[in-house]
Amino acid sequence: MLTIHHLRVSQSDRIVWLCEELELAYELVLHQRDPITRTAPEAYRQLHPSGTAPVITDGALVLAETGAIVEYLLTREGLGRLVVGPGDPHYTDYLYWYHMANGSLMPAMMMLLAEGPIIPFMQARIDRYLRALDDHLAHGNTWLAGETFTVADIMMAFPLTSMGAFVKVDVSAYPHIGAYIKRLQARPAYQRAMAKAEPA
Ligand SMILES: N[C@@H](CCC(=O)N[C@@H](CS)C(=O)NCC(=O)O)C(=O)O
């Protein structure tokens with residue numbers, strides 16, 4: 001049985017959403033953040049050497065790291081859903097946005113939690129990423145890979161939405177991103193996932 005260990009308001013909400021999109025059976029275990037430090041509790045740290053969310057278990061397997069979990073579930077259970085292949089004209093868009101979300105946008109946003117001269121540099125980088133994303137969405141892309149909703153959209157949603165609980169993510173200057181967020185949040189699988197992952 002697949003178990004998702006969801007740390008409240010964290011990237012593990014993507015795994016819940018992915019399972020809802022794929023209509024997979026899973027058990028959900030909710031873990032609360034430390035109310036002062038907002039870090040993962042000790043019980044979460046014990047799940048996997050990384051100590052970070054998300055973590056899944058599947059039989060004897062214990063797996064962390066968002067991209068690894070996403071690939072594991074898509075390969076085993078995806079049946080070709082939520083991806084586009086090399087023959088699709090949007091394939092490289094799919095690859096770019098999928099990896100850019102956690103490879104570049106998330107780390108830059110995390111740096112805003114630090115202090116010092118790095119902040120304006122990182123803010124400028126985030127602005128460039130968001131401008132490019134807005135432009136991409138403005139040019140006939142309902143989703144990041146054209147008309148096909150893919151896991152790239154699930155990856156991108158977190159920095160644009162839940163990350164706002166930690167850093168100020170102001171997308172008001174980007175109307176296409178604003179409309180995109182509304183489309184993401186209107187998906188029935190997203191709403192089912194959030195009702196389970198973030199009750200109240
Ligand atoms: N690259 C990792 C990042 C994991 C990560 O930093 N997770 C955060 C939640 S969004 C976390 O566990 N924070 C709590 C803590 O570090 O105590 C992944 O995508 O899984």
Side-chain angles (χ1 to χ4, degrees), residues 2-22 24 26-58 61-78 82-83 94-115 118-119 122 125-126 129-130 133 144 150-171 181 184-185 190 193-200:
L2 172 66
T3 299
I4 305 172
H5 288 271
H6 173 51
L7 178 66
R8 293 291 302 273
V9 194
S10 84
Q11 300 181 59
S12 42
D13 67 18
R14 289 166 166 152
I15 308 303
V16 184
W17 184 11
L18 175 62
C19 288
E20 291 291 335
E21 291 281 354
L22 294 175
L24 302 183
Y26 62 93
E27 180 196 8
L28 183 63
V29 181
L30 297 181
H31 299 257
Q32 303 295 335
R33 287 176 180 266
D34 182 292
I36 311 283
T37 63
R38 302 182 82 185
T39 54
E42 190 49 37
Y44 206 97
R45 299 248 184 268
Q46 296 301 321
L47 292 170
H48 184 276
S50 71
T52 55
V55 171
I56 62 162
T57 60
D58 192 10
L61 173 75
V62 182
L63 188 61
E65 195 62 43
T66 308
I69 295 171
V70 165
E71 291 295 335
Y72 172 79
L73 292 174
L74 285 177
T75 303
R76 286 176 61 104
E77 314 281 355
L82 302 183
V83 301
Y94 163 73
L95 288 180
Y96 173 72
W97 296 109
Y98 177 173
H99 292 282
M100 182 273 206
N102 259 32
S104 293
L105 184 56
M106 280 292 294
M109 286 181 167
M110 291 293 287
M111 289 299 288
L112 295 186
L113 295 169
E115 291 176 357
I118 191 83
I119 298 298
M122 281 299 146
R125 182 184 275 212
I126 292 166
Y129 292 146
L130 294 181
L133 175 60
L144 296 178
T150 67
V151 75
D153 299 291
I154 294 179
M155 293 300 287
M156 187 58 76
F158 184 84
L160 299 179
T161 58
S162 309
M163 196 59 188
F166 301 93
V167 295
K168 189 164 162 36
V169 189
D170 183 7
V171 297
I181 292 171
L184 292 169
Q185 293 178 331
Y190 176 90
M194 292 308 141
K196 292 176 186 173
E198 304 302 341

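Order of listing sets the numbers, starting from 1, for every ligand and every atom in it.
Remark: M156 CE to I181 CD1 distance equals 10.5 Å, nearest 0.5 Å. T66 OG1 to I56 CD1: the interatomic distance, rounded to the nearest 0.5 Å, is 11.0 Å. Within the model, atoms CZ of R33 and CZ of R38 stand 7.0 Å from one another, a figure rounded to the nearest 0.5 Å. To the nearest 0.5 angstrom, K196 atom NZ is 3.5 Å from E20 atom CD. To the nearest 0.5 Å, the span separating OH on Y26 from OG1 on T57 amounts to 14.0 Å. For the atom pair M163 CE and L105 CG, the distance stands at 8.5 Å (nearest 0.5 Å).
Contacts with ligand 1 closer than 4.0 Å are made by side-chain heavy atoms of R45 only, the backbone lying farther away. Of all the heavy atoms of M106, none lies under 4.0 Å from any atom of ligand 1, so neither backbone nor side chain is involved.
The contact set between ligand 1 and P54, taken as ligand atoms under 4.0 Å from a residue heavy atom, comprises 20 (O). Which parts of ligand 1 touch S10 is read off a 4.0 Å heavy-atom cut-off, strictly below it: atoms 9 (C), 10 (S). Remark: ligand 1 atoms within the under-4.0 Å shell around heavy atoms of N102 are 19 (O).
Here the side chain of H6 pairs a donor or acceptor atom with the backbone of A197 at under 3.5 angstrom.
Remark: minimum distance from atom 2 (C) of ligand 1 to any protein heavy atom is reached at E65 OE2, 3.2 Å. With hydrogens left out, the protein atom closest to atom 4 (C) of ligand 1 is A53 O, 3.3 Å, a heavy atom. Remark: minimum distance from atom 19 (O) of ligand 1 to any protein heavy atom is reached at T66 OG1, 2.6 Å. Looking only at heavy atoms of the protein, atom 3 (C) of ligand 1 is closest to Q11 NE2, 3.6 Å.
By the 3.5 Å distance cut-off applied to N or O atoms, T39 is not counted among the residues near ligand 1. For ligand 1, none of its N or O atoms has an N or O atom of F158 under 3.5 Å away. Considering backbone and side-chain atoms alike, A40 places an N or O below 3.5 Å from some N or O of ligand 1.
At least one heavy atom of R33 lies less than 4.0 angstrom from ligand 1.
By the 30° and 60° cut-offs, the orientation of the rings of Y190 relative to W17 is perpendicular.
Shown here is Q46, whose CD atom has more than 12 heavy atoms of other residues, nucleotides or ligands within 6.0 Å.
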